[in-house]
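Note sheet for the following structure.
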Amino acid sequence: MATLGDRLDHVLGAKAAGSLVDAFDMHTVEDLLRHYPLRYATQGQPLTEEEPEDGSHITVIGRVTKAELRPMRNRRGSLLKVVLDTGSGAGRGVDVTFFNGDKVKYVVREGLRAMMSGTVNYWRPGQWNLSHPGYLILPESDDESVGAVKTVRGGGDLRGLAQSAKGAEGVDTSFMEREFIPVYPATAKVQSWDVLACVRQVLDQLDPIDDPLPDELRTERSLLKISDALRLIHLPERKTDIDRAQERLRFDEALALQLVLAERRHEVSGRSARPCPPRSDGIAAEFQQRLPFELTEGQQRVISEISADMSRSHPMHRLLQGEVGSGKTIVALQAMLQIVDAGQQCALLAPTEVLAAQHYRSLRGMLGDLGNAGELGAGDKATKVVLVTGSMSAATKKAALLEAMTGEAGIVIGTHALIQDNVEFFDLGMVVVDEQHRFGVEQRDALRAKAKSGASPHLLVMTATPIPRTIAMTTLGDLETSTLTELPRGRSPITSKVVPRRQHPNWVDRAWERIVEEVGAGRQAYVVCSRIGDDEEGTGKSRNGKSKAAEPEKEGPTTQAALDVFEMLRTGPLSELRVGLLHGRLPADEKDQVMRAFNDGTVDVLVCTTVVEVGVDVPNATVMVIVDADRFGVSQLHQLRGRIGRGKHPGLCLLVTDAAPNGSAMARLDAVAATTDGFELAVLDLRTRREGDVLGSAQSGTARSLRLLSLLDDLEVITAAQDLAREVVEADPGLKKHPGLASMMHAAVDAERLEYLAKS
């Protein structure tokens with residue numbers, strides 16, 4: 001007998017278990033049983049009066065009434081034309097074609113009973129067949145030996161599935177006549193039928209399972225016992241078995257994730273932080289009084305929420321999300337000034353040097369004489385703002401680090417350079433992480449660890465990529481969430497248009513003309529490309545050092561590189577304008593110089609890569625042309641588009657593409673052009689990328705773990721799981737009294753991702 005925690009090599013043997021480890025990283029019985037079927041091969045699909053859909057996969061059982069060998073018309077070889085009578089009453093049998101007719105004719109013969117599984121192909125309306133399906137010859141139903149046969153006669157997937165049913169007495173072909181046969185995620189070395197054989201062997205030995213969910217909860221939600229759900233998901237007898245098993249296992253996945261988040265929430269609530277209540281006579285009050293504009297109601301509400309959090313004796317743990325241009329930076333600055341009023345320091349972590357430098361200039365500009373303490377003309381309540389990046393000169397960086405260490409700098413802005421061991425703070429009271437999805441957990445953790453021992457800094461993470469409620473509940477369930485939905489007064493509307501380059505090449509010419517017109521009216525423009533270019537800084541060599549001329553041309557769609565577009569525009573359609581170039585391979589001082597020139601208006605058009613995706617704020621820029629727009633994700637396009645329309649003039653975003661008119665890429669671009677609602681686009685982006693990636697390789701470096709739960713569609717399940725998880729963890733931190741829940745949590749979410757979530 002076996003339990004869920006048993007090692008697979010003890011149950012299946014070393015060879016079979018080793019294959020599962022190599023292919024799927026499965027080690028225990030529970031790992032295997034949580035490897036759910038992708039779909040089910042079903043018997044007798046619409047073979048009544050209805051016709052099956054073209055391209056659908058069906059499995060049928062019947063008697064061969066015709067098996068005729070015919071030569072192929074246009075090439076050597078033969079076809080075996082077969083008619084299978086399924087007894088469905090549809091008026092005719094199923095037409096089947098085998099391309100290697102000479103080999104199959106000795107097995108598939110008239111009068112035999114057979115199962116065939118394949119894809120439906122329509123040659124003309126009303127006439128369809130199965131082309132070269134998997135097949136299996138079955139014993140007669142009244143044969144006493146029907147339960148098992150010694151030799152499998154068949155081919156394709158069905159032969160493999162039949163072999164998986166092989167026992168001591170032969171092959172159990174009755175298993176193949178089940179209404180639902182599971183089809184599993186597989187690899188080239190471990191096929192679906194190999195997995196099925198292992199699953200059946202394990203289920204035959206499985207001990208009764210103690211259900212981790214309380215009886216009253218299962219009754220309330222009409223959930224199956226876990227032992228029944230794990231059996232029925234693999235070996236269902238009817239469609240309702242699959243539905244009920246998936247319902248239970250879906251709840252398990254939601255609960256596992258929510259238990260992780262509840263544990264993390266409980267751990268954070270147990271930490272202590274120094275309270276930082278607002279002051280009426282400090283720099284924060286002075287700054288707000290000087291603002292030349294009125295904050296939106298949303299900004300005022302969020303500032304109050306954050307202020308209340310930081311006044312408590314345990315650390316704030318809050319997500320600030322808002323549309324591109326919704327005014328998150330000024331909200332974060334107000335919070336940082338409240339920390340400075342309490343005598344502590346703030347660190348603002350940005351993902352790129354361009355964005356860090358932009359934040360530095362922006363905060364210094366907003367603070368005015370309140371941000372230059374120690375300098376001539378500084379305000380009475382002023383603090384010092386310093387910048388720390390990896391490419392700064394040694395002397396400049398040393399001075400900034402000294403000001404952070406002595407406490408002279410109240411606000412320290414930087415990139416990953418802030419995380420290095422040689423960076424010390426006098427008294428770090430708050431960490432602000434901009435574009436939190438761009439940082440690994442260890443990086444954020446390392447910065448928070450720089451606070452004085454015994455106290456945790458307050459944490460504010462910001463994102464301009466809107467997160468739908470179910471996603472936030474599932475991935476950020478331990479964070480309080482503040483959302484800015486309205487744009488500040490004075491923001492201008494943005495119009496987006498798709499420019500199909502192949503169908504209308506003259507429209508691209510018109511895009512360049514539009515830039516000339518906007519610059520003529522005193523405004524500026526971006527031209528964004530998906531890549532820098534193979535030629536490294538004009539050396540004539542590719543990035544691997546080889547001469548470009550010696551390298552073979554790559555096949556497939558070509559994209560326009562920033563270096564090439566820059567040269568084309570400055571010598572061609574924009575030759576009368578001042579065109580600048582910005583990309584990630586430029587030296588830091590050159591990047592800063594280009595960005596300053598664009599900010600100051602001495603560059604009219606900035607040709608760039610996605611280094612301007614977040615945080616760059618040039619109110620005079622009104623046009624953005626995104627070249628090869630189909631190469632960008634939905635959220636990325638929305639972020640880029642948010643760089644324009646930030647002043648008093650309307651914005652225009654042109655999405656240039658070679659995508660096929662009716663393809664999915666064009667549909668995605670049309671959707672982006674049709675709305676500026678970031679939440680609507682976030683849902684589209686998640687559906688496009690597969691929502692499981694929210695917890696997948698993009699964040700933790702491991703494969704997707706959500707097999708059944710839909711983060712977008714299962715709000716009710718997620719909410720119920722969250723309520724239960726918080727209740728359980730509140731009463732039993734660490735789940736010592738609930739070993740079954742602890743085991744389920746670790747089985748449903750792999751260990752690496754649990755570690756990732758636990759540290760987030």
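Residues: numbered from 1 along the sequence shown.
Side-chain contact between Asp25 and Leu20 is absent, with no heavy-atom pair separated by less than 4.5 Å. The side-chain heavy atoms of Val433 and Met462, taken from C-beta on, include no pair separated by under 4.5 Å. Annotation: side chain of Gln299 is in contact with side chain of Ile330 (closest heavy-atom distance under 4.5 Å).
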- Task: Would you check, one step at a time, whether the test side-chain hydrogen bond (donor to acceptor under 3.5 Å, both in side chains) holds for Gln321 with Thr483?
- Result: CA-CA 5 Å; Gln321 63 173 346; Thr483 303; 3.1 Å; yes

- Task: Using the salt bridge (Lys or Arg N to Asp or Glu O under 4.0 Å) rule, take Lys189 and Asp194 through it: C-alpha gap first, then chi angles, then the decisive distance, then the call.
- Result: CA-CA 9 Å; Lys189 293 185 177 179; Asp194 297 322; over 6 Å; no

- Task: Check the pair His317, Arg265 against side-chain contact (heavy atoms from CB on, under 4.5 Å), reporting the backbone distance first and the verdict last.
- Result: CA-CA 9 Å; His317 215 223; Arg265 184 186 182 93; over 6 Å; no

- Message: Let's go through Arg231 and Glu237 carefully: what are the C-alpha distance in whole Å and the side-chain angles of both, what is the deciding distance for salt bridge (Lys or Arg N to Asp or Glu O under 4.0 Å) to 0.1 Å, and is it a yes or a no?
- Response: CA-CA 11 Å; Arg231 287 183 184 278; Glu237 298 290 343; over 6 Å; no

- Stepwise side-chain contact (heavy atoms from CB on, under 4.5 Å) test for Ser311 and Gln338: CA-CA 10 Å; Ser311 301; Gln338 185 170 326; 4.0 Å; yes

- Query: Step by step, would you call Ile242 with Leu232 a side-chain contact (heavy atoms from CB on, under 4.5 Å)?
  - Reply: CA-CA 6 Å; Ile242 300 172; Leu232 291 177; over 6 Å; no

- When you look at Thr329 and Leu363, which way does the side-chain contact (heavy atoms from CB on, under 4.5 Å) test go after all the steps? CA-CA 8 Å; Thr329 303; Leu363 266 57; 3.8 Å; yes

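Side-chain atoms of Tyr184 and His234 form a donor-acceptor pair, as typed in the model, at a separation below 3.5 Å. Under 3.5 Å, the side chains of Thr3 and Asp6 contain a donor-acceptor pair of N or O atoms. Using modelled atom types, one finds a donor on one side chain and an acceptor on the other under 3.5 Å when comparing Glu305 with Ser482. His359 and Asp434 share a donor-acceptor pair across their side chains, judged by distance under 3.5 Å alone.
Counting only distance, with no hydrogens or angles, the side chain of Arg279 and the backbone of Asp341 share a donor-acceptor pair below 3.5 Å. With hydrogens and angles disregarded, no donor-acceptor distance shorter than 3.5 Å links the side chain of Asp732 to the backbone of Val728. Under a 3.5 Å cut-off, the side chain of Ser304 and the backbone N or O of Gln300 do form a donor-acceptor pair. Ser222 places no side-chain N or O within 3.5 Å of a backbone atom of Arg218 that could act as its donor or acceptor partner. No donor-acceptor pair under 3.5 Å is formed between the side chain of His314 and the backbone N or O of Ser272. Looking only at distances, a side-chain donor or acceptor of Asp31 sits under 3.5 Å from a matching main-chain atom of Thr28. In this structure, the side chain of Gln258 does not engage the main chain of Leu724 through any donor-acceptor pair within 3.5 Å. The main-chain N or O of Val21 is never found under 3.5 Å from a side-chain atom of His27 such that the two would form a donor-acceptor pair. Distance alone, capped at 3.5 Å, is enough to place a donor-acceptor pair between the Gln345 side chain and the Ala409 backbone.
A salt bridge between Arg250 and Asp714 is present, with a side-chain N of the basic residue lying under 4.0 Å from a carboxylate O of the acidic one. Salt-bridge check for Lys225 with Asp211: failed, with every basic side-chain N at 4.0 Å or more from each acidic carboxylate O. Between Glu263 and Arg726 there is no salt bridge, since no side-chain nitrogen of the basic residue lies less than 4.0 Å from a carboxylate oxygen of the acidic one. The residues Arg244 and Asp241 are annotated as not salt-bridged, no charged nitrogen and carboxylate oxygen being separated by less than 4.0 angstrom. With respect to the salt-bridge test (charged N to carboxylate O, under 4.0 angstrom), the residues Asp204 and Arg200 do not qualify.
Applying side chain to side chain contact (heavy atoms under 4.5 Å, CB included) to Arg248 and the options Ile233, Leu230, Leu213 leaves one that passes, Leu213. Of the residues Thr481, Leu484, Val432, the one that meets the side chain to side chain contact (heavy atoms under 4.5 Å, CB included) test with Leu320 is Leu484.
Within a 6.0 Å radius of CD in Gln205, other residues, nucleotides and ligands contribute more than 12 heavy atoms. Summarising the local packing, OH of Tyr36 is surrounded by more than 12 heavy atoms from other residues, nucleotides or ligands at distances under 6.0 Å. Dense packing is recorded around CG of Asp243, with more than 12 heavy atoms of other residues, nucleotides or ligands lying under 6.0 Å away.
Taken from CG in Leu206 to CD in Glu30, the straight-line distance is 10.0 Å, to the nearest 0.5 Å. The distance from the CD1 atom of Ile413 to the CG atom of Leu349 is 11.0 Å, given to the nearest 0.5 Å. With values rounded to the nearest 0.5 angstrom, Ile339 atom CD1 is found 5.5 Å from Cys346 atom SG. Here Lys328 contributes atom NZ and Leu460 contributes atom CG; the two are 11.0 Å apart, rounded to the nearest 0.5 Å. The CG atom of Leu348 sits 8.5 Å away from atom CD1 of Ile411, with the distance rounded to the nearest 0.5 Å.
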